[in-house]
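Below is one structure, written out as structure tokens, with a few remarks after it.
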Amino acid sequence: MAEQLPIRILILDDDPFILKLLTRMLANLGFSSVDCSEDGTNALKLLDNVATRPDLILLDLNMPGMDGIEFVRHLVERGYSGSLILVSGEDERMLKTTEKLVQAHKIPILGYLQKPVQPEALRMQLMKMASSLSGQNKKENVPKIYDAEIIKKAITTGELVNYYQPKVRVKTGEVAGVETLVRWHHPVDGVIYPGQFIGVAEQCGLIDLLTETVLKQAFAQAGIWQKLGCDLKVAVNVSMDNLASLDFQDTVVKLATEAGVLPGRIVLEITESQLMGDERISLEILTRLRLKRFHLSIDDFGTGHSSLAQLRDIPFDELKIDQGFVHRASEDETLRAIYDASLALAKQLDMEAVAEGVEDREDWELLRQTGCDLAQGNFIASPMLAEELGAWVKKWRDRIGAEALVSLSEGRVQ
Ligand code: C2E
Ligand code: CA
Ligand code: CA
């Protein structure tokens, strides 16, 4: 999905959980060439090898053994010419002082990130890197950033196209619904993924217009499936910025009514890390939409820091375990612990659990063993155009039997 970028990033942090989380956030932003290190000595080895030398280091300040400041000294000795982002749970004053210290050593520092790291803050820092690289020969390696005017034109001229990715029941293989994932069919640059334009749309006040366009298409499609007798739930991603105004719920209700779609067939997905802003308006909108029988889903679960109380406050129907804690969870203890905890929480709070990023048979088997309700990921199907869904359903039904994906006693797919 995300572009493969040759920019090499090294994350140095003694906490394996933070390493996983940051790797996942970077992958979401299109940076896939990432090395992790839990200690400075090992990181220096990567630095000394031409093949693994990073262009950017995300550096934790507080580490047992060699701490961040000592590590910077080693960078200076080695004449490190890449960039640096400091990451720490220390207060801002401490981070600023350290930033000055690093700058004094003439190491190009992009800035600092405070823990818990927010995906948006990371994105802003990386955008700084993109602009500092402009003019250099690495420019083409950085995802293209589109400006607000161009994005607005794309929205209004119908260049945004909805793709749909199936969600299936793990027990029976039944196709339960689809998630709408928007793509930009750019006339010159080809298919552009949401990572390259949603953030700008949010910052430039275009997200309401964008979401409305996506909702309109998705509801029209849901109406078509409803008429065909396909019992599919259609999920749409909602940005927290959409929940800043009370008009949002009226828009959703109006669009669903116009398309003749029952609210119970619509799922609104809200990302966990965005939810933490906790505005009263958003809570009110979500509660009212739930009262109108729209379904609510908490997305990317595990990447935010929601408390039990917050989860109870908002009546979610579904919890989506972030793909970073699903793929390979059967072989990695840390991932498995987070996956298990998320699943248990969903059950306790009476929500349906969806595992995202199911990429292979091992992931699928873990879901079966642990009793996860729903699965989504490339092992089942990649996002596709609406007209491709019928043919995929046929193939999926064949695969269930041929590959013994569900036990026979669980019955057939509907
Ligand atoms: P998300 O909601 O977590 O969506 C899942 C992402 O994982 C999608 O990326 C999907 O294509 C990708 N994916 C699906 N299966 C697999 C798999 O097996 N392995 C891996 N590694 N990835 C998989 P995509 O389409 O690039 O979307 C990225 C994010 O952009 C979405 O994350 C969502 O937060 C946001 N987004 C997408 N469409 C919209 C939209 O219409 N409005 C808003 N506000 N955000 C959107
Ligand atoms: Ca989603
Ligand atoms: Ca997700």
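Computed over heavy atoms, backbone and side chain alike; hydrogens, waters and symmetry mates excluded. In listed order, ligands and their atoms are each counted from 1. Values in this document were obtained by computation on a predicted structure and should not be read as measured data.
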For the Ca ion (ligand 3), the closest N/O/S atom belonging to D299: OD1
Please verify the inter-ring angle class for Y146 with H186; under 30° counts as parallel, over 60° as perpendicular, anything in between as tilted. tilted
Check the orientation of F379 and W364. Use parallel for under 30°, tilted for 30 to 60°, and perpendicular for over 60°. tilted
Given L210, L181, L160, which one has a non-hydrogen atom that is nearest to atom 4 (O) of ligand 1? L181
Best match, D241, I380, I270, N237: closest heavy atom to atom 44 (N) of ligand 1: N237
Side chain, backbone, both or neither: which applies to D300 and ligand 1 if a contact is any heavy-atom pair less than 4.0 Å apart? side chain
Please note down the angle at the Ca ion (ligand 2) between OE1 of E269 and OE2 of E179, to the nearest 10°. 90°
Side chain to side chain contact (heavy atoms under 4.5 Å, CB included) test vs L56 passes for just one of V34, L110, L84, namely L110
Just to confirm my numbers, could you give the angle made at the Ca ion (ligand 3) by OD1 of D300 and OE2 of E356, rounded to 10°? 160°
Heteroatom proximity flag, D299 to ligand 1, N/O under 3.5 Å: yes
Any atoms of ligand 1 less than 4.0 Å from a non-hydrogen atom of V182? List them with their elements. 38 (N), 39 (C), 40 (C), 41 (O)
Does ligand 1 have a heavy atom under 4.0 Å from the side chain of N28, from its backbone, from both, or from neither? neither
Can you tell me which residue among K233, K167, R169 is in a salt bridge (charged side-chain N to carboxylate O under 4.0 Å, His left out) with E352? R169
Any N or O of E359 that comes nearer than 3.5 Å to an N or O of ligand 1? yes
Proximity of Q376 to ligand 1 by residue part, where a heavy atom lies under 4.0 Å: neither
Quick check: Q165 and ligand 1, any N/O pair under 3.5 Å apart? yes
With heavy atoms and a 4.0 Å threshold, my read on which part of Q323 contacts ligand 1 is side chain
Would T370 and Y339 count as having a side-chain donor-acceptor pair, cut-off 3.5 Å? yes
For a distance under 3.0 Å, tell me if S297 has an N/O/S atom near the Ca ion (ligand 2). no
Flag Y193 as yes when one of its N or O atoms lies below 3.5 Å from any N or O atom of ligand 1, and as no otherwise. no
Can you check whether R183 has an N/O within less than 3.5 Å of an N/O in ligand 1? yes
Numbered atoms and elements of ligand 1 in range of G377, under 4.0 angstrom, heavy atoms: 15 (N), 18 (O)
Ring centroid separation for Y164 and W392, is it under 6.0 angstrom? no
Checking heavy atoms under 4.0 Å, the part of V214 that sits near ligand 1 is side chain
